Amino acid sequence: MENGEIEGAADDGVPVPAPPNGRRYRPVGSSDRAVIQMTSMEPGSSSSTAVAAVSGITPQPPRNLTVDPSMQEDHTVSQGDSKLELFGFDSLVNILGLKSMTGEQIQAPSSPRDGEDVAITIGRPKETGPKFGTMMGMAGVWQSLVLVSFCGACTFLTGISLSAIATNGAMKGGGPYYLIGRALGPEVGVSIGLCFFLGNAVAGSMYVLGAVETFLDAVPSAESVTVVNNTLVNGTATASTATISTPSLHDLQVYGVIVTILLCFIVFGGVKIINKVAPAFLIPVLFSLLCIYLGVFIAPRHNAPKGITGLSITTFKDNWGSEYQRTNNAGVPDPNGSIYWDFNALVGLFFPAVTGIMAGSNRSASLKDTQRSIPIGTLSATLTTTAMYLFSVLLFGALATREELLTDRLLTATVAWPAPAVIYIGIILSTLGAALQSLTGAPRLLAAIANDDILPVLNYFKVSEGAEPHSATLFTAFICICCVVIGNLDLITPTITMFFLLCYAGVNLSCFLLDLLDAPSWRPRWKFHHWSLSLVGALLCVVIMFLISWSFTVVSLALASLIYYYVSLKGKAGDWGDGFKSAYFQLALRSLRSLGANQVHPKNWYPIPLIFCRPWGKLPENVPCHPKLADFANCMKKKGRGMSIFVSIIDGDYHELAEDAKTACRQLDTYIEYKRCEGVAEIIVAPSMSEGFRSIVQTMGLGNLKPNIIVMRYPEIWRRENLIQIPSTFVSIINDCIIANKAVVIVKGLDEWPNEYQRQYGTIDLYWIVRDGGLMLLLSQLLLTKETFESCKIQVFCIAEEDTDAEELKADVKKFLYDLRMHAEVIVVTMKSWEPHMESSSSGAPQDDSQEAYTSAQRRISTYLSEMKETAQREGHPLMEDGKQVVVNEQKIEKFLYTMFKLNSTILRYSRMAAVVLVSLPPPPLNHPAYFYMEYMDLLVENVPRMLIVRGYRRDVVTFFT
């Protein structure tokens with residue numbers, strides 16, 4: 001040959017010129033050893049299969065179809081009659097940018113390297129994902145062993161975790177969803193369970209498409225529409241060019257839908273029918289595996305390709321190392337290809353081969369003994385298949401050259417004994433069996449989620465115990481058929497793989513959490529487990545997810561997170577005794593122990609209010625607490641952080657009212673949840689309110705998590721409704737708080753307290769009379785953090801004697817507030833002491849607006865004191881009140897009353913329009929009549945619409961220091 005002409009001629013006998021760059025090509029004939037045929041790889045089967053033309057089998061010529069020479073010149077084959085119109089698919093293909101699925105031809109791949117003598121067949125629609133030959137052709141033997149071990153370790157560790165959880169008690173339907181939900185809570189369980197259901201449903205369509213494509217490749221006469229793929233040599237069709245028929249998308253759709261419907265009929269027959277059909281899928285698969293291994297040991301046969309050397313140590317050494325290279329989209333080695341293969345890419349390709357370990361647990365409701373069947377079946381299958389993969393890597397690494405491993409798309413069929421048809425049958429039945437597993441397990445998983453009644457939207461899929469999930473099966477079949485109609489799942493199959501890995505990670509995390517917490521109920525029969533193994537298994541799942549595709553990992557995690565958020569919002573609360581609740585419990589115990597019994601530093605001080613729900617009067621029977629108390633409790637927390645304890649006391653005998661107390665506690669819990677207040681409910685049954693509160697203040701709480709502020713409503717109704725027992729109870733509660741070192745906040749005007757939607761303007765006025773540890777200042781700052789009061793300003797009124805240096809006091813208070821990082825206006829108010837008051841009263845000085853209330857209080861106190869003296873004189877004993885001896889100093893009573901009168905006058909003068917007024921609570925005088933103290937307090941709050949009466953306790957709640 002001259003000038004590099006290629007031996008051979010075209011149809012007209014004219015020699016075909018050599019390419020200008022001097023590269024040598026030869027035409028591909030029907031008798032060539034390796035004819036590469038582009039086919040889809042079924043990514044979800046139990047053993048990833050790539051159906052290819054088998055060496056030694058002559059491709060059949062096209063049937064009743066003539067190739068137009070003009071098409072050969074354009075190097076394209078028209079597929080306009082692919083009949084996608086049957087499904088209305090053309091528009092969808094154009095929208096998604098999947099025009100390759102309609103059969104449009106692609107350009108020939110880049111030329112081989114110089115000097116190579118290669119035959120390339122082009123003509124199948126452009127593949128959206130990379131396809132290539134045997135994995136070892138790229139990775140070599142040792143990296144293939146690492147890859148199989150890596151993926152097998154992930155599933156084996158997941159199987160150990162699954163075995164431990166499955167043997168820790170009875171297991172209902174739902175498989176991994178049931179296990180994850182009971183370990184990690186309903187939100188996590190439902191989110192992962194729905195993703196796993198979707199993965200199984202779509203995986204069923206992948207299995208069906210894999211079986212149909214293999215069938216059409218093996219039986220070309222079954223095709224209704226033949227798509228011709230010309231073999232181009234250097235961009236030109238020649239006389240000896242082979243034409244190969246491949247399945248059209250239309251055939252994949254039609255046959256796929258039919259097969260899916262037939263499998264659904266089997267599933268509708270129930271578990272008994274499925275169990276009877278299962279051997280028909282399993283036995284041929286096992287037989288095909290036997291044929292493959294027999295063929296390996298007797299290779300090479302007389303008609304074997306040259307690349308099959310038989311088991312050879314030389315071949316094994318040649319294939320030991322890796323040789324990653326670039327390929328085009330069709331998987332053909334090409335130095336200018338757009339895809340570079342490495343270990344990470346092979347992980348994504350191989351991992352679907354080790355999925356399927358949840359097949360048994362998906363049918364947990366149908367198993368006779370889940371605690372025995374799941375561990376033995378799952379781990380046995382995992383170990384067996386992993387061992388077979390490792391053994392196959394060693395055998396095929398010694399069986400064929402690297403070139404043969406790369407070019408023979410189905411080497412197992414080439415070496416199988418007695419014929420390749422056995423392998424085709426095995427592949428078809430294997431994928432159909434996997435599809436049947438998906439269509440069996442997915443509906444049961446969806447029905448189990450629906451039966452737990454977490455999401456009302458899934459109520460349509462509920463089934464009674466022992467019944468078949470027909471509605472869920474129809475829905476699963478609908479999803480499967482939709483995916484079959486699409487016909488190309490390369491865009492979503494990575495996400496499906498992520499869903500499987502997400503489920504495996506959930507199982508591992510569940511076992512890790514339960515094993516680490518080691519609650520008394522954690523007693524699995526499967527003893528070969530440890531939390532560290534589960535943690536490694538979970539980390540392996542996450543690593544593999546990111547190795548395969550970080551973008552699809554993010555998509556799958558985002559979808560699971562959206563479902564989690566939706567379940568949190570719309571789902572019904574359920575307490576399944578999950579591991580998170582146990583973790584919270586143990587964390588709380590450790591936190592309590594770490595806090596110890598020492599006082600909390602002011603920087604770490606949080607208000608823990610004890611809300612006294614119904615201390616005075618009666619509320620409607622269906623109202624467990626005053627509606628505004630929870631609003632006020634939320635105002636005492638910064639950004640809602642902190643715990644409130646809502647307490648109510650029932651007067652009576654505990655034995656008689658125990659059930660009433662439980663009912664009241666449930667009602668109070670509902671009220672707290674409705675008001676969106678972080679808190680707990682407690683109901684106490686006691687002979688009287690005073691005794692009940694005394695028990696509460698002594699015993700409520702643990703360690704440093706005891707309530708530190710008592711919040712209650714001011715008893716404004718006591719005089720109006722003549723509730724004469726209230727003064728003694730009120731004074732007793734305040735004295736108990738002082739003795740127990742609890743702060744007190746009494747809310748006057750609770751009915752007018754604003755809710756979260758009523759914005760307040762004006763000022764928050766503090767009348768700072770006594771040192772209270774900074775509690776009053778801190779409460780005013782907490783009020784400002786709420787939207788209701790954020791527009792208000794703080795004014796601090798310092799009450800001082802008349803001869804006090806007002807400017808010096810004002811400067812000191814400003815410096816104090818500055819050091820506390822609090823911004824407020826300081827106002828010093830002087831009050832006349834008792835002695836000047838006596839002088840001004842005798843001289844007839846003018847009286848202010850509160851004089852009428854002051855005079856009325858004097859008159860009532862005088863009348864009450866006269867009655868006490870008459871009773872004491874008549875009965876011959878000292879002055880008594882409620883069975884207790886009291887001491888009366890009339891001058892002290894008058895002094896106390898006048899002080900309250902002057903303070904009320906000052907408040908009305910400066911703070912009549914304030915949003916809220918805070919004032920120090922005076923302690924009840926020792927051995928003083930409770931009635932008198934109530935008179936003092938009534939005079940203090942007179943005509944003030946909204947007031948907080950505050951008493952701190954013997955410690956600081958604010959600090960200067962950082």
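All residue numbers in this chain count up from 1 along the given sequence. As the structure is a prediction and not an experimental result, all values here were calculated from the model.
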Taking only residues two or more places apart in sequence, or in another chain, which ones meet [X] in a ring pair (Phe, Tyr, Trp, His ring centres under 6.0 Å)?
| X | result |
| --- | --- |
| F215 | none |
| F500 | F196 |
| Y293 | F391 |

Walk me through it: do V354 and T385 pass the test side-chain contact (heavy atoms from CB on, under 4.5 Å)? CA-CA 8 Å; V354 298; T385 52; over 6 Å; no
[X] [atom1] to [Y] [atom2] distance, which is reported to the nearest 0.5 Å:
| X | Y | atom1 | atom2 | result |
| --- | --- | --- | --- | --- |
| T497 | L349 | OG1 | CG | 10.5 Å |
| Q143 | L147 | CD | CG | 9.0 Å |
| S288 | L286 | OG | CG | 7.5 Å |
| L411 | I308 | CG | CD1 | 5.5 Å |
| I160 | F156 | CD1 | CZ | 4.0 Å |
| L399 | T309 | CG | OG1 | 6.0 Å |

CA sep, side-chain torsions, deciding dist, call: V202, F499, side-chain contact (heavy atoms from CB on, under 4.5 Å): CA-CA 11 Å; V202 179; F499 289 158; over 6 Å; no
Set of side chain to side chain contact (heavy atoms under 4.5 Å, CB included) partners for [X], sequence neighbours left out:
| X | value |
| --- | --- |
| V543 | F150, L547 |
| F528 | W526 |
| A435 | Y207, V208, L263 |
| T384 | M388 |

Evaluate the side-chain proximity of [Y] to [X]: yes if any heavy-atom separation is below 4.5 Å, no if none is.
| X | Y | value |
| --- | --- | --- |
| T315 | R402 | no |
| M358 | N200 | no |
| L216 | L252 | yes |
| V347 | I544 | yes |
| Y504 | L162 | no |
| I427 | L410 | yes |
| C195 | M498 | no |

Residue pair [X] / [Y]: nearest heavy atoms and the distance that separates them:
| X | Y | value |
| --- | --- | --- |
| A442 | F197 | O-CD1, 3.2 Å |
| V393 | S144 | CG1-CB, 3.7 Å |
| L157 | N508 | O-OD1, 3.5 Å |
| W341 | L346 | CE3-CD2, 4.0 Å |
| A538 | A505 | CB-O, 4.2 Å |
| G433 | F281 | N-CD2, 3.7 Å |

Determine which pairs satisfy side chain to side chain donor-acceptor pair (under 3.5 Å) with at least one residue from residues 146-157, sequence neighbours left out, and list them in order. none
Between [X] and [Y] (side chain of the first, backbone of the second, donor and acceptor by atom type, cut-off under 3.5 Å), is there such a pair?
| X | Y | answer |
| --- | --- | --- |
| T553 | M545 | yes |
| T378 | P375 | no |
| N319 | A400 | yes |
| S312 | T314 | yes |

Not counting sequence neighbours, which residues clear side chain to side chain donor-acceptor pair (under 3.5 Å) with [X]? List them please.
| X | result |
| --- | --- |
| Y340 | none |
| S534 | S161 |
| S532 | H530 |
| T386 | none |

Tell me, with the steps shown, if I266 and L436 meet side-chain contact (heavy atoms from CB on, under 4.5 Å). CA-CA 8 Å; I266 298 176; L436 186 62; 4.0 Å; yes
Show your reasoning for whether side-chain contact (heavy atoms from CB on, under 4.5 Å) applies to C154 and F351. CA-CA 10 Å; C154 176; F351 189 80; 4.3 Å; yes
